[in-house]
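What follows is a set of notes on a single structure, which appears directly below.
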2 protein chains.
Amino acid sequence: MQALLTVAYDGTRYAGWQRQTNGLAVQQVIEDALAKLMGRAVVLRAASRTDAGVHALGQRAAFGADGLKVPLEKLPEVLNGLLPPDISVTAAEEAQDGFVPRFRAREKTYRYQIQNAPYPNPLIGRYSAWVRQSLDVDAMGEAAAHCIGRHDFKAFCAASRDVFEKSTVREVFSCGVEVREERAGSRLIAVTVTGGGFLYNMVRILAGTLVYAGLGKIPPPSVPEIIASKDRTRAGKTMPPNGLTLVEVVF
Amino acid sequence: MQALLTVAYDGTRYAGWQRQTNGLAVQQVIEDALAKLMGRAVVLRAASRTDAGVHALGQRAAFGADGLKVPLEKLPEVLNGLLPPDISVTAAEEAQDGFVPRFRAREKTYRYQIQNAPYPNPLIGRYSAWVRQSLDVDAMGEAAAHCIGRHDFKAFCAASRDVFEKSTVREVFSCGVEVREERAGSRLIAVTVTGGGFLYNMVRILAGTLVYAGLGKIPPPSVPEIIASKDRTRAGKTMPPNGLTLVEVVF
């Protein structure tokens, strides 16, 4: 039997999801908590390897749960008692043996938040990138619509992408821009994108391209041409990780 | 000439607004930045002495600005360059000499955020208190309405209140409860209260009383009687500081 967890985390102080030698990973912290609970080493397999500083509301991760003495419905509460406040398990369910979340994810939703204000608001800064110049949200939305569909997204892929990935073709099911909050000249703009999968840094480059559209640096109608060019230098800059949140994974 | 700043801060790592010996205060960090800029010691006078861990969106603070070489409209940007990311100056304007923000504040608005969810969401946890049991928001709203008006709020005042305060009578102009966000069984509930001034811990005790109303521990119609009793033990518990934000000060 495998257990499949839903996990939320504030990625600020972590070197990303994946266990590594260069810093504390979210995976490691949860695996250590599970090891305490199970009395043996545990390996977690996640749906998405979020980067350093990226947050999650609905990360999913599975582990072999044979010998688990806690009923699954009590597992979130018990695990949260062993986890720091910036990581929270919000659900646990059963999964079949051999279920590998990364390969079974049919749909992932990410949100990129941009604070558009003359001065940064520290109560939003952990979870958004700050853009000082006023953004044209309509132009961003128009550019976002051009990102929908099955395309070769090589132009939206970091050069240092995983060399084992064979194809840079991905399908974006939906991509939209909304103003989530507005207060005294300050707006919180959210880019929400759902797709079958994403290339390395793709959402952050997509968000950067929409920001360029909002600044007038990229005309929205030229987005299809930028994608078709497969030329990374024609897209917007890679936005910082703290604005990005993995919202949901659908299997 | 005095300069009057509008300041936002994430209070998590601070021992409150007021300079003190037991930890780093927001006042101290901004005064140190101003001292660098002015080449002399600067004393800031704030509208509200927020407690340790309490946040602000619209704190106001004044200082004697004679000799300031930066134009006022450039001051926020210059100061933010000298401040850590969890403190941000969002406006600067001129104020008369002798203007003491604390005595001139006619109206202060605070917001207390409560995360009502089976498991805590770490992306909200810095700025809200977590309540696991489901809250009756209508009952909270009914209890809130009973807090409006000019009352002796001794029942909502921490025992360790400032002994120099002569009266515990305060006027609450408005007090309301709203669901700010709702997602997958998780709600972010906000208590917003505006008044002429507040006693020590008053908003956190008021929020705790509304939470008790939401849990069914205090019937909303008994709130006037609890206030009239002037008995601290009859009100709800003092909610933790991280849920509280000073939103606005009106002079």
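A, B, ... follow the sequence lines: proteins, then strands. Residue 1 opens every chain.
Only the side chain of A:T245 comes within less than 4.5 Å of a heavy atom in chain B; its backbone stays farther off. Heavy atoms of B:T12 lying under 4.5 Å from chain A are absent altogether. Only the backbone of A:A56 comes within less than 4.5 Å of a heavy atom of chain B; no side-chain atom from C-beta onward does.
Listed in order of number, the residues of residues 71-93 of chain B that approach chain A to under 4.5 Å between heavy atoms are B:E73, B:P76, B:E77, B:N80, B:P85, B:D86, B:I87, B:S88, B:V89, B:T90.
Of the residues considered (B:L123, B:D10, B:N121), B:L123 shows the highest number of contacts with chain A, using heavy-atom pairs under 4.5 Å.
By the neighbour-count criterion of 12 heavy atoms within 6.0 Å, atom CZ of B:R45 is sparsely surrounded, having that number or fewer from other residues, nucleotides or ligands.
Minimum heavy-atom separation, B:R183 to A:V247: NH2-O, 3.2 Å.
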